[in-house]
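Comments concern the structure below.
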Amino acid sequence: MLDWKVTMLGTGSPRPDLDRSGPSQVLHLGDAPVLIDCGEGTTAQLQRAGIPPQSITTLFMTHLHSDHLLGYGQFLLGGWGLGRRQLRIVGPKGMKHYHETILSLFKEDIDYRISLGRSPKGVRENVEIIEIEEPGEIEQFSEDIPARIYTEKMIHNVPTYGFRFEGEEQVIVHSGDTAPTENIIKLAKGADILIQDACLAVNETYKNITDPELQKIWDNLQKEHCSPAQAADIAEKAGVKKLVMTHFLPNIDEKRAYDEAVAVFDGETIVAQDLQTIGLSVSVTK
Ligand SMILES: [Zn+2]
Ligand SMILES: [Zn+2]
């Protein structure tokens with residue numbers, strides 16, 4: 001069985017946080033590293049994790065919210081500088097426009113670096129962007145990724161996709177950002193690892209809300225994300241082995257998040273930390 005694992009590069013949210021970098025994770029599917037999302041700090045976190053940024057040539061974008069995308073400029077141009085000469089991206093409609101806008105904003109910069117002698121491959125050439133039209137199987141990767149890859153639409157306020165990576169004997173699923181939906185239960189069916197949005201873990205700001213503006217934001221966030229109990233309910237219904245909760249606001253009450261989840265889910269439960277590596281084997285059984 002191929003040794004699959006996950007490195008949590010960024011377990012944060014749109015709120016700047018020194019302890020939690022912007023959303024971004026690496027799936028190691030045997031020898032093939034696959035990046036999911038590209039939040040602020042992704043390239044530095046790859047380096048901290050000992051993963052050369054240029055070794056990542058496949059990126060899956062769950063959606064195009066800023067917190068998942070702000071690291072893309074540095075990932076693209078910095079990774080090119082380090083020697084990346086090909087890149088393939090799967091994401092929602094709009095990813096091509098975002099990529100081309102960055103090329104256009106940095107036209108003179110890229111021209112200069114090419115004039116020094118660097119190949120345009122990996123930035124202007126050899127970059128393939130596949131925009132998801134319909135959920136289902138993504139078949140373009142059969143040659144170099146040892147997995148079948150499936151997507152489903154999530155519930156979030158922009159088009160958002162969860163991804164299922166299915167090997168011969170192992171499955172890793174990433175929810176992206178989502179409110180509870182049957183689609184994530186379906187996508188995560190029997191997964192070894194479910195990386196799941198649990199953004200509604202209570203933190204210092206939202207523990208005792210007195211400001212009406214904050215109350216309004218918190219109420220509206222309920223339509224876009226999951227709480228730890230909802231994340232756990234998804235994991236329980238899907239029969240996953242290991243729940244990895246992520247996408248946390250600054251200063252969450254980690255013990256409370258864990259306790260809320262394990263009250264609902266019987267499998268192994270992890271409140272993810274930046275730079276944590278998580279394998280397939282289940283180390284805790286209740
Ligand atoms: Zn989002
Ligand atoms: Zn987000």
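Ligands are counted one by one from 1 in listed order, and the atoms in each one are counted from 1 as well. Here the structure is a predicted model, which means the values were calculated and not measured.
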With a 3.5 Å cut-off and no angle check, do the side chains of [X] and [Y] form a donor-acceptor pair?
| X | Y | answer |
| --- | --- | --- |
| R256 | Y258 | no |
| D37 | T62 | yes |
| H247 | D197 | no |

Original post:
Among the N, O or S atoms that H65 has, which is closest to the Zn ion (ligand 1)?
Top reply: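 In H65, the N, O or S atom with the shortest distance to the Zn ion (ligand 1) is ND1.
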
Subject >> the Zn ion (ligand 1) to H156: nearest N/O/S atom name >> reply: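 Closest N, O or S atom of H156 to the Zn ion (ligand 1): NE2.
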
Original post:
Given NE2 of H68 on one side and OD2 of D67 on the other, what angle do they make at the Zn ion (ligand 2), to 10°?
Top reply: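 Between NE2 of H68 and OD2 of D67, the angle at the Zn ion (ligand 2) is about 100°.
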
Original post:
Which of the N/O/S atoms in H247 sits closest to the Zn ion (ligand 2)?
Top reply: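 For H247, the N, O or S atom at the smallest distance from the Zn ion (ligand 2) is NE2.
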
Original post:
D177: which N/O/S atom is nearest the Zn ion (ligand 2)?
Top reply: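 Looking at D177, the N, O or S atom with the least distance to the Zn ion (ligand 2) is OD2.
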
Subject >> H63 and H65 aromatic ring geometry - parallel, tilted or perpendicular at 30°/60° bounds >> reply: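 Perpendicular: the ring planes of H65 and H63 meet at over 60°.
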
**OP:** Look only at the side chain of D67 and the backbone of G22, and say whether a donor-acceptor pair between them is shorter than 3.5 Å.
**Re:**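 No; judged by distance alone, with no hydrogens or angles, the pair does not exist.
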
